[in-house]
Amino acid sequence: MPFVQTKPGQYDRPLDDLEIFHRTIGATGTSFQKEHYFTISTLKLRNKPEIPDLKQAWKALRHLHPRLATVIDETGTLCRYTVPTPEDIDQWLEETFIVHPEGEYNITSAEKLALSLPPSPFFKLHWVPASRELIFRTPHWRTDGAGLMMLQDAFLKLLSSPAEEIIFDGSEILRLPPTMNELLCSGFKATEDTKKAFDAEWQAVFDPSLKPLSWVKHALPGTIPGSTVRLSHKFSKDETKQLITEIKKRGITVTNAMASAFMVAAANHATPADGRFILLNPFNVRRYLPAPWNGTAGAGATYHTGRLQSFNLEDGKDYESACRAVTEFYDRGIKDAFSFMPVS
């Protein structure tokens with residue numbers, strides 16, 4: 001259902017299934033003042049722009065992609081956009097553009113900052129001048145990884161070529177992207193054949209002959225979840241080149257190679273060792289959408305789905321086996337699992 005005007009300058013629509021899914025999972029940490037499913041990405045700039053220039057580009061990005069400023073209404077059921085006054089824009093900038101001076105916050109990198117940020121319902125841009133890094137951070141219901149990369153690209157273009165004048169007059173609502181339900185599933189009604197197809201997909205994943213695995217350790221009574229922990233490794237240019245060369249020799253993608261490596265690590269550290277590893281693998285569906293939403297116009301939206309994969313850990317002790325399993329899975333795509341969607 002598209003946005004409709006509910007009062008002068010205010011536009012609402014019901015949340016779609018994917019937004020509800022992300023919000024429901026995200027809210028499971030609320031009682032601990034935490035939130036799951038944040039979408040976060042950083043940019044490291046060569047130069048250090050002036051703060052007014054960063055603010056202007058952030059404001060221009062909101063104008064180009066008004067989805068950035070949508071919120072959930074007080075009932076938790078509606079996605080809302082309000083046409084802002086100049087005073088509203090000033091307040092929005094104050095709330096969503098955050099500068100982290102090194103001396104005041106002892107923050108020296110975006111990675112350290114990402115581990116300490118509290119939950120927020122807004123799409124925020126954090127500037128870490130000490131490392132010349134920008135961190136884009138939003139609850140996942142608002143956009144996804146592919147969309148966030150396009151938003152970052154648009155931001156850099158706006159930063160390098162500033163808009164002379166930005167006027168919020170309500171015409172920006174035409175750039176609010178439709179939901180995936182509206183674009184791909186409009187008028188869909190489940191039939192008996194559809195239900196059987198989903199049941200078959202579900203049963204194929206949850207093979208009763210395989211025991212579920214767990215990495216969960218028993219927590220001490222009274223303990224609560226701690227802060228986010230991120231482990232990372234930065235490959236040099238030479239290492240990256242060597243990796244890509246070896247990956248191409250196998251005829252697989254970089255994504256498949258990384259997923260296979262993760263599976264091997266899981267197979268060698270899971271309990272029980274002969275269990276199964278069930279993944280919800282993401283699929284970007286933007287290429288199936290009608291123009292213009294299949295391109296940058298749809299950057300501020302969640303246009304993806306997932307498909308379950310059951311991986312027998314006994315088959316994943318070596319890298320080659322894991323590569324075959326991952327590649328075969330992604331080669332299947334989503335068409336046979338979501339035959340009611342107009343994908344091709």
- [ ] Taking only Lys NZ, Arg NE, NH1 and NH2, and the carboxylate oxygens of Asp or Glu, determine whether Lys124 and Glu95 approach each other closer than 4.0 Å.
- [x] no

TODO: Check the pair Thr75, Asp73 against side chain to side chain donor-acceptor pair (under 3.5 Å), reporting the backbone distance first and the verdict last.
DONE: CA-CA 5 Å; Thr75 70; Asp73 80 324; 2.7 Å; yes

TODO: Kindly indicate, with the supporting measurements, whether the criterion side-chain contact (heavy atoms from CB on, under 4.5 Å) is fulfilled by Arg13 and Val4.
DONE: CA-CA 6 Å; Arg13 65 158 173 77; Val4 296; over 6 Å; no

Open item on the list: Evaluate Thr253 against Thr255 for side chain to side chain donor-acceptor pair (under 3.5 Å), listing each step before the verdict.
Closed with: CA-CA 5 Å; Thr253 66; Thr255 302; 4.6 Å; no

Task: Pair Trp58 and Trp127, ring centroids less than 6.0 Å apart - done: no

Open item on the list: If you count heavy atoms of other groups shown closer than 6.0 angstrom to NZ of Lys44, is the number above 12?
Closed with: yes

Open item on the list: Would Arg286 pass as a cation-pi partner of Trp293, given that its NZ or CZ must be under 6.0 Å from the six-membered ring centre and within 45 degrees of the axis?
Closed with: no

- [ ] Looking only at non-hydrogen atoms, find the nearest pair between Trp141 and Arg67 and report the distance.
- [x] O-NH2, 2.9 Å

Task: Polar side-chain atom of Arg132 near backbone of Leu45 as donor-acceptor pair, under 3.5 Å - done: yes

Task: Atom pair OH (Tyr81) and CD1 (Ile173), whose distance is rounded to the nearest 0.5 Å - done: 9.0 Å

Open item on the list: Looking at Glu320, is its backbone amide N or carbonyl O close enough to the side chain of Asp318 to form a donor-acceptor pair, meaning the two atoms are under 3.5 Å apart?
Closed with: yes

Open item on the list: I'd like to know if Arg175 pairs up with Glu172 as an ion pair, taking the criterion as any Lys NZ or Arg NE/NH1/NH2 lying under 4.0 Å from an Asp or Glu carboxylate oxygen.
Closed with: no

Task: N/O donor-acceptor pair under 3.5 Å between Thr82 side chain and Pro84 backbone - done: no

Task: Closest non-hydrogen atom pair, Phe155 against Leu61 - done: N-CD1, 4.0 Å

Open item on the list: Tell me whether Asp331 contacts the main-chain N or O of Glu328 through its side chain, where contact means a donor paired with an acceptor under 3.5 Å.
Closed with: no

Task: Where Thr179 and Tyr303 come nearest, the two heavy atoms and their spacing - done: C-CE2, 4.0 Å

Task: Atom CE of Met258 with >12 non-hydrogen neighbours under 6.0 angstrom - done: yes

Task: Heavy-atom pair of closest approach, residues Gly76 and Leu15 - done: O-CD1, 3.5 Å

- [ ] Would you name the heavy atoms of Ala301 and Pro177 that are closest together and state the gap between them?
- [x] CB-CG, 3.7 Å

Task: Asp16 backbone acceptor or donor facing Glu19 side chain under 3.5 Å - done: yes

Open item on the list: Just checking Phe283 against Tyr330, ring centres under 6.0 Å apart?
Closed with: yes

Open item on the list: Main chain of Ser236, side chain of Glu239: is a donor-acceptor contact present, judged purely on distance under 3.5 Å?
Closed with: yes

Task: Close side-chain approach of Val285 to Leu184, heavy-atom, < 4.5 Å - done: yes

Task: Any donor-acceptor N/O pair, Lys34 side chain to Pro119 backbone, under 3.5 Å - done: no

Open item on the list: Determine whether the aromatic ring centres of residues Phe168 and His63 are separated by less than 6.0 angstrom.
Closed with: yes

Task: Test applied, side-chain contact (heavy atoms from CB on, under 4.5 Å); reference residue, Phe136; option that passes from Ile40, Leu43, Thr143 - done: Leu43

TODO: Identify whether NZ of Lys or CZ of Arg in Arg80 sits under 6.0 Å from the centre of the six-membered ring of Tyr11 and within 45° of that ring's axis.
DONE: no

Open item on the list: I'd like to check Ile166 versus Lys59 (side-chain heavy atoms, cut-off strictly below 4.5 Å). Are they in contact?
Closed with: yes

TODO: Spell out, as yes or no, whether a donor-acceptor pair under 3.5 Å connects the side chain of Ser161 to the backbone of Leu158.
DONE: no

- [ ] Tell me, with the steps shown, if Thr302 and Arg142 meet side-chain contact (heavy atoms from CB on, under 4.5 Å).
- [x] CA-CA 6 Å; Thr302 47; Arg142 197 177 275 112; over 6 Å; no

Task: Carboxylate-amine/guanidinium proximity below 4.0 Å for Glu50 and Lys55 - done: no

- [ ] Inspect the contact between Arg23 and Glu35 and indicate whether a charged nitrogen and a carboxylate oxygen are less than 4.0 angstrom apart.
- [x] no

Open item on the list: Is the positively charged end of Arg62 above the ring of Phe123, judged by distance under 6.0 angstrom from the centroid and angle within 45° of the axis?
Closed with: no

Task: Atom pair CZ/CG of Arg137 and Leu148 - distance to nearest 0.5 Å - done: 12.5 Å

Open item on the list: Using every non-hydrogen atom in the two residues, find where His304 and His22 come nearest and quote the distance to one decimal.
Closed with: NE2-NE2, 3.1 Å

